[in-house]
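Order of the sequence lines sets the chain letters (A, B, ...), proteins ahead of strands, with each chain counted from 1. We use all heavy atoms of the structure for the numbers below, so side chains are in, but hydrogens, waters and symmetry mates are not.
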Amino acid sequence: MSLAAYALVDCNNFYCSCERVFRPDLVGKPIIVLSNNDGCIISRSNEAKALGVQMAAPYFKQKRFLERNNVTVFSSNYPLYGDLSERVMNVLRTFCPDMEIYSIDEAFLRLDGFSAYNLTEYAQRIRNTVFRWTGIPVSIGIAPTKTLAKIASHICKKAPESSGVFNMNDFWHSPENIDALLEKVPVQDIWGIGRRSAAKLANYGITTARQLRDRDNAWLQKKLTVTGLYTGLELRGISSIALEEAPPVRRSIRSSRSFGEPVTEKKDAQEAAVAYTVRAAEKLRREGLLASTISVFIKTNAHRPGDQHAEYCAHTLDSPTDYTPLLVHHASEMLLRIFRAGHKYQKVGVLLSGLESKRNQQGSLMDITSPETQEQAQTEARLMQVTDAINKKFGRGTVQYAGEGLRQPWKMKQNNLSPKYTTDWKELCEVE
DNA sequence: TCTGGGGTCCTAGGACCC
DNA sequence: TCTGGGGTCCTAGGACCC
């Protein structure tokens, strides 16, 4: 039987690469992309990495250094990244229909059926095509399991001579090569092993992927739960984490942001809670879902130990809904309940959970409710449809809820935003 | 002055039931 | 009144991911 073959296609420094597609003048130069609120650094070009710029470093601490070194800085522009991601995924699908979109910049492909091809060459073709059609450079790791494919893609990024593809299957049948390779992988670089588990494993003298692989199943399960057991099996080449081709059913929708400035006024925190509820409810309807529970949380800045307050409040509705005014009403009320004057708040968030499909619900609703209730439900649904349609056509916030406020002093910072080149007619790229 | 946002899964423990 | 096993469901907290 031939070896299973999973490929992980991973976009290189994805957000930076997206910015460069529209700014070719920045190719070969150091650039970075910041998190929301211009808080910390979440993507670095190779040139920025070479300067020693650290991932997740707070921007304000690096600002001087970045200026001195002529690093170009971008606020994150998610509509742009989402659009380019979709284009990359569409190209990949033409090469392999057995595909799992794992994140905005990664996809797993199941390449078993392509044994007639030389897989390394096939991956090379995928890589070249993605770059030609979208401008995004990718790395591809191939191995008998998803966990090993992740490792293969890391290896490939670190080794320039791999020319963007690393195929572990090519020498799977020489165990000493695989041993040598896994020996060089630190345990915390393995998919599914985070900081806490790595620290725990270090206490048992386990610091490399090879050492983890060689522990027995019972030990792995005892120390790291079943997820750790699966990781161990996958490191041995036994596929235990399946390809998920259909996106999993969503369980929750969250909307939360750090404030641009610390918030001390109840009214401002309440506006933010309302605004986030409006956004979460839009997403709910876009995906044809209803929520049965809404929660609101508020917190102060964890980096300011002198002023700490964090609280959370949940409300379960009589029946699941996607009606914004009702959700806004509950969110607003809960916020007032958890807000305490005298604190400098950093963040408010809204979580919708207990989600179910609207389609399943409608039938049963019709059976048991009165004509008046049905009519009201239809009026509400139409109102939501109309506001969604207007906001889609003319831009978010064209129709706004009064509770969201107008001045919005709590709004996040985005001082280095690039234009919406691909998703907004007003900001299309101009060609001269 | 300034430190992201949005998700999932697993386990333990409590409440409740037969 | 006391005793017991076994099952389900829910929630909070921890850990992980990109």
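Here Ile104(A) lies out of heavy-atom contact (under 4.0 Å) with every strand. Nucleic acid contact class of Leu352(A) (heavy atoms, under 4.0 Å, all strands): none. Residue Lys150(A) is in sugar-phosphate contact alone, with no base atom involved, counting any heavy-atom pair closer than 4.0 Å across all strands shown.
For Gln188(A) and dC17(C), the CD to C1' distance is 16 Å, given to the nearest whole Å. Following rounding to the nearest Å, Asp189(A) (CG) and dC18(C) (P) show an atom-to-atom distance of 11 Å. Taking atom CD1 on Ile151(A) and atom P on dC17(C), their separation rounds to 12 Å, with Å as the unit. Taking atom CD of Glu261(A) as the reference point, atom C1' of dC2(B) lies 9 Å away to the nearest angstrom. Atom CD in Glu106(A) sits about 14 Å away from atom C1' in dC16(C), given to the nearest Å. Atom CD1 in Ile190(A) sits about 10 Å away from atom P in dC17(C), given to the nearest Å. We find that CG of Asn13(A) is positioned 15 Å from P of dC18(C), with the value rounded to whole Å. Rounded to an integer number of Å, the gap from Gln221(A) CD to dT11(B) C1' is 12 Å.
We find that Lys283(A) and Glu287(A) are not joined by a salt bridge, their nearest charged nitrogen and carboxylate oxygen being 4.0 Å or further apart. Of the charged side-chain nitrogens involved, none lies within less than 4.0 Å of a carboxylate oxygen, so that Arg337(A) and Glu311(A) do not count as a salt-bridged pair. At a threshold of 4.0 Å, the pair Glu404(A)-Arg396(A) does not count as salt-bridged, since none of the basic side-chain nitrogens sits closer than that to a carboxylate oxygen.
The number of heavy-atom neighbours closer than 6.0 Å to CZ of Arg250(A), taken from other residues, nucleotides and ligands shown, is above 12. Within a 6.0 Å radius of CH2 in Trp219(A), other residues, nucleotides and ligands contribute more than 12 heavy atoms.
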Nucleotide by nucleotide, 5' to 3', does protein get under 4.0 Å of the base (B), only the sugar-phosphate (S), or neither (-) in nucleotides 3-10 of chain B, counting heavy atoms? BBSSSSSS
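Only one option out of Tyr230(A), Tyr6(A), Tyr102(A) pairs with Trp191(A) in a ring-ring contact (aromatic ring centres under 6.0 Å, His included); it is Tyr102(A). Remark: of the listed residues Leu212(A), Thr207(A), Thr208(A), Leu212(A) is the sole one forming a side chain to side chain contact (heavy atoms under 4.5 Å, CB included) with Leu201(A).
Distance check on atom P: dT3(B) versus dC17(C) gives 25 Å, rounded to whole Å.
Figure legend. dT8(C) is base-paired to dA15(B); pairs are counted as Watson-Crick or G-U wobble with both atom distances under 3.5 Å.
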